Every structure is written in C-alpha cells, then in structure tokens.
K.L.:
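Handing you this structure, nothing more for now.
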Amino acid sequence: METIQKCAFLLWVLMFALARSENEIMTLRSTESVSPQCHEHTSLSCNITSQDEPTIFLFAWFAPNKTALCELKEGHLSTHNGVNCVVKGQQLVLTIRHTKPIHQGQYVCKLRSNLGVKSAFTHLKLQECHHSLHVHSRDGNSTCRARGVYPEAHIHWFQGSKNLTDSSVAHPSVRDEDGTYEIASTLLHRPHSTLNCSLWSPSSGRYLSSTRTREEMTPPEGVRGSSSTYGGTRTTVALFAAALILL
C-alpha cells in the first residue's frame with residue numbers, strides 16, 4: 001500500500017513539473033479589460049512569450065458569440081465581420097472600428113502550436129455615451145430627443161431652477177441595431193418659455209448633456225397687418241410718382 005502511495009505521489013510531482021515547464025516555455029497574455037468610448041476604434045492585443053520560436057498552427061481572436069474574427073493559419077491571416085487584424089511578430093492585434101454596445105462582452109485569444117494550446121481573455125465594456133441632443137418647439141409644445149444613447153437614460157426638463165419633469169410626457173425608448181437608444185420627451189403648453197432639456201444617466205447619477213431653447217414669439221396679427229399696409233402704401237406712392245413723370 002505504501003509503495004502505491006509513493007508511486008502516485010511521484011506521478012503527481014511529475015505531472016506538475018511538466019505543466020510548470022510548459023507554462024515557463026510559452027505564455028499567452030492579453031489585457032484583462034478595456035473600457036472605450038462609443039464610436040472609438042478599440043484595439044485588443046494578444047502576445048506570445050516563449051523561450052523557443054513556436055510553430056503556430058492557429059492564432060486567432062474570437063468574439064463573445066464564439067465566432068472567429070481573425071485567424072492566422074499556415075502563415076495566412078483572414079479577417080471577418082469588418083474588423084481589422086495585424087500580426088506584429090508574436091503579437092496579434094484586433095481592432096474594432098466604431099465600437100458600439102453590440103461589441104461588448106468577453107473576447108478570447110487562442111493559440112495552438114507545437115508548444116501546446118493556450119487561451120487569453122479580454123472583457124470589453126463601453127463607457128456612457130450619446131450622439132446628439134436637441135429640442136424642437138412648436139405651438140407651445142417642446143420635444144427633446146436624444147440619439148445614440150447608452151445605457152438607457154432619462155430626459156429632465158427645467159425652467160430656470162424649477163424642475164418640470166413631472167409635467168412632461170416620456171416617449172417609449174427605441175433600441176437601434178447598434179445597441180444604442182433613442183429617447184424622447186415632450187413638455188406641453190409652455191409657450192414663449194426658455195427651457196432646459198438635460199439627459200440624465202441613472203447608472204452614473206449624472207447629467208451627460210443639456211441644451212436650451214426658447215420658442216420664438218409670433219408677431220401679433222395687428223403688427224403683421226401694419227407692416228403689410230405700410231409696404232402697400234409705399235408701392236402705391238411710387239407708382240403715382242412714376243405716372244406724373246411720364247405725363
């Protein structure tokens with residue numbers, strides 16, 4: 001029994017030594033996490049460190065949904081889904097152009113070589129973002145609309161220091177194909193008022209952006225009539241003077 005235990009222990013030590021030796025011969029590393037801004041170019045690097053030059057059978061980046069984004073096989077590099085990949089020595093760099101919420105998740109770098117099989121992981125999480133915020137006023141009603149928002153946010157209304165949000169009507173948010181949201185809110189019956197529309201992010205507890213508007217006052221009917229009458233009178237006088245010259 002004692003002999004069996006000694007053999008089992010020696011076998012465990014041998015396996016541990018072999019595994020440690022393999023790890024020391026070659027390692028694969030990538031940045032654990034990245035947090036880019038929306039619509040920025042995002043690069044993920046995967047690096048091979050080895051004592052001996054490995055013979056690479058496969059060197060690739062995989063998306064969170066497990067699909068291959070770029071693959072180096074037999075010296076040939078192929079890319080998919082509109083990304084850009086570059087091999088720099090023993091480094092494979094994946095670049096995602098115009099990073100969007102749909103690109104979030106865990107990316108996997110895989111290496112298969114004569115020195116073994118390795119994997120490294122990078123988690124991509126976007127920061128808060130929005131593309132535009134504007135207000136349109138008509139007939140005393142104002143609508144504020146934000147596009148390209150991530151994550152979902154809320155629109156708050158102010159008139160000076162007075163919060164008018166409770167008097168507004170929030171529209172259902174719309175999720176776009178890229179994972180961002182379009183958000184809108186309407187404030188009714190506030191003619192000729194200077195209003196402030198602000199985009200509030202519950203996730204960070206801060207305002208991402210704000211814009212101000214003032215609906216232009218429509219001239220009174222009497223003023224518009226006087227202007228027209230004045231123009232008509234001036235035209236009549238000019239025609240009368242021209243007729244006198246001809247006579």
Side-chain angles (χ1 to χ4, degrees), residues 29-46 61-67 69-70 79-85 93-109 120-137 141-188 190 193-214:
R29 291 190 175 89
S30 64
T31 305
E32 289 186 6
S33 62
V34 292
S35 299
Q37 297 280 355
C38 286
H39 308 295
E40 284 187 348
H41 289 9
T42 304
S43 293
L44 310 181
S45 298
C46 189
W61 272 108
F62 290 85
N65 62 2
K66 311 303 181 185
T67 60
L69 296 176
C70 55
T79 60
H80 315 279
N81 297 328
V83 301
N84 182 52
C85 286
V93 181
L94 163 69
T95 299
I96 303 170
R97 295 187 286 265
H98 307 294
T99 312
K100 303 169 185 175
I102 55 174
H103 295 131
Q104 292 188 117
Q106 182 170 266
Y107 290 75
V108 182
C109 176
F121 305 89
T122 297
H123 188 79
L124 190 155
K125 181 176 176 59
L126 280 181
Q127 300 182 33
E128 293 174 322
C129 58
H130 74 283
H131 183 264
S132 63
L133 179 70
H134 67 272
V135 183
H136 174 70
S137 298
N141 303 324
S142 297
T143 297
C144 184
R145 192 176 304 276
R147 291 185 171 91
V149 179
Y150 183 84
E152 282 193 83
H154 304 300
I155 290 175
H156 290 180
W157 290 94
F158 294 91
Q159 185 174 13
S161 59
K162 185 178 180 180
N163 193 328
L164 305 176
T165 306
D166 290 340
S167 302
S168 64
V169 178
H171 301 207
S173 59
V174 178
R175 188 178 188 272
D176 294 332
E177 292 181 356
D178 63 0
T180 61
Y181 294 87
E182 180 177 323
I183 299 167
S185 174
T186 297
L187 190 62
L188 304 174
R190 294 282 172 176
S193 300
T194 300
L195 302 171
N196 183 289
C197 162
S198 298
L199 187 62
W200 169 261
S201 171
S203 60
S204 64
R206 67 187 183 96
Y207 287 103
L208 303 180
S209 182
S210 64
T211 186
R212 185 174 295 180
T213 187
R214 178 180 174 85

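The structure displayed is predicted, hence computed values, not measured ones. Basis for what follows: all heavy atoms, side chains included, without hydrogens, waters or symmetry-related copies.
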K.L.:
Between Leu208 and Cys129, what is the shortest heavy-atom contact and its length?
P.N.:
CD1-O, 4.5 Å
K.L.:
How close do Ala153 and Ile183 get, counting heavy atoms only, and between which atoms?
P.N.:
O-CD1, 3.2 Å
K.L.:
Flag the pair Trp157 / Ser167 as yes when at least one side-chain heavy-atom distance between them is below 4.5 Å, and no otherwise.
P.N.:
no
K.L.:
Supply the atom-to-atom distance His123 NE2 to Gln106 CD, rounded to the nearest 0.5 angstrom.
P.N.:
7.5 Å
K.L.:
Hey, what's the ring geometry for His156 with Tyr207, parallel, tilted or perpendicular (30° and 60° as the breaks)?
P.N.:
perpendicular
K.L.:
For residues Gln104 and Leu126, report the shortest heavy-atom separation together with the two atoms involved.
P.N.:
OE1-N, 2.8 Å
K.L.:
Rounded to the nearest 0.5 Å, what separation is found between the CD atom of Glu182 and the OG atom of Ser132?
P.N.:
8.5 Å
K.L.:
Decide yes or no for Leu199 and His130: does some side-chain heavy atom of the first lie under 4.5 Å from some side-chain heavy atom of the second?
P.N.:
yes
K.L.:
Take a 6.0 Å sphere around CG of Asp166 and say whether it holds more than 12 heavy atoms from other residues, nucleotides or ligands.
P.N.:
no
K.L.:
Do the rings of His41 and His98 sit parallel, tilted or perpendicular, given the 30° and 60° boundaries?
P.N.:
perpendicular
K.L.:
Measuring from His171:NE2 to Ser185:OG, what's the distance to the nearest 0.5 Å?
P.N.:
6.0 Å
K.L.:
To the nearest 0.5 Å, what is the distance between SG (Cys144) and CG (Leu195)?
P.N.:
10.0 Å
K.L.:
For a quick test of reading the model, state the closest non-hydrogen atom pair linking Asn141 to Leu188 and the distance between them.
P.N.:
OD1-CA, 3.4 Å
K.L.:
Using a 3.5 Å distance criterion without hydrogens, assess whether the side chain of Asp176 forms a donor-acceptor pair with backbone atoms of Asp178.
P.N.:
no
K.L.:
If I compare all heavy atoms of Ile155 with all of Cys197, which pair ends up nearest, and what's the gap?
P.N.:
CG2-SG, 3.7 Å
K.L.:
Just to verify, which of Thr79, Leu69, Asn84, Thr42 counts as forming a side-chain contact (heavy atoms from CB on, under 4.5 Å) with Leu94?
P.N.:
Leu69
K.L.:
Does a side-chain heavy-atom distance below 4.5 Å link Pro202 with His154?
P.N.:
yes
K.L.:
Heavy-atom distance under 4.5 Å between the side chains of Tyr107 and Ile96, does that happen here?
P.N.:
yes
K.L.:
Would you name the heavy atoms of Phe121 and Ser30 that are closest together and state the gap between them?
P.N.:
O-OG, 3.1 Å
K.L.:
Can you tell me how far OG1 of Thr122 sits from CZ of Arg29, rounded to the nearest 0.5 angstrom?
P.N.:
13.0 Å
K.L.:
Does any non-hydrogen side-chain atom of Cys38 lie less than 4.5 Å from one of Gln127?
P.N.:
no
K.L.:
Step by step, would you call His134 with Thr211 a side chain to side chain donor-acceptor pair (under 3.5 Å)?
P.N.:
CA-CA 7 Å; His134 67 272; Thr211 186; over 6 Å; no
K.L.:
Quick one: SG on Cys70 to CG on Asn81, what's the gap to the nearest 0.5 Å?
P.N.:
10.5 Å
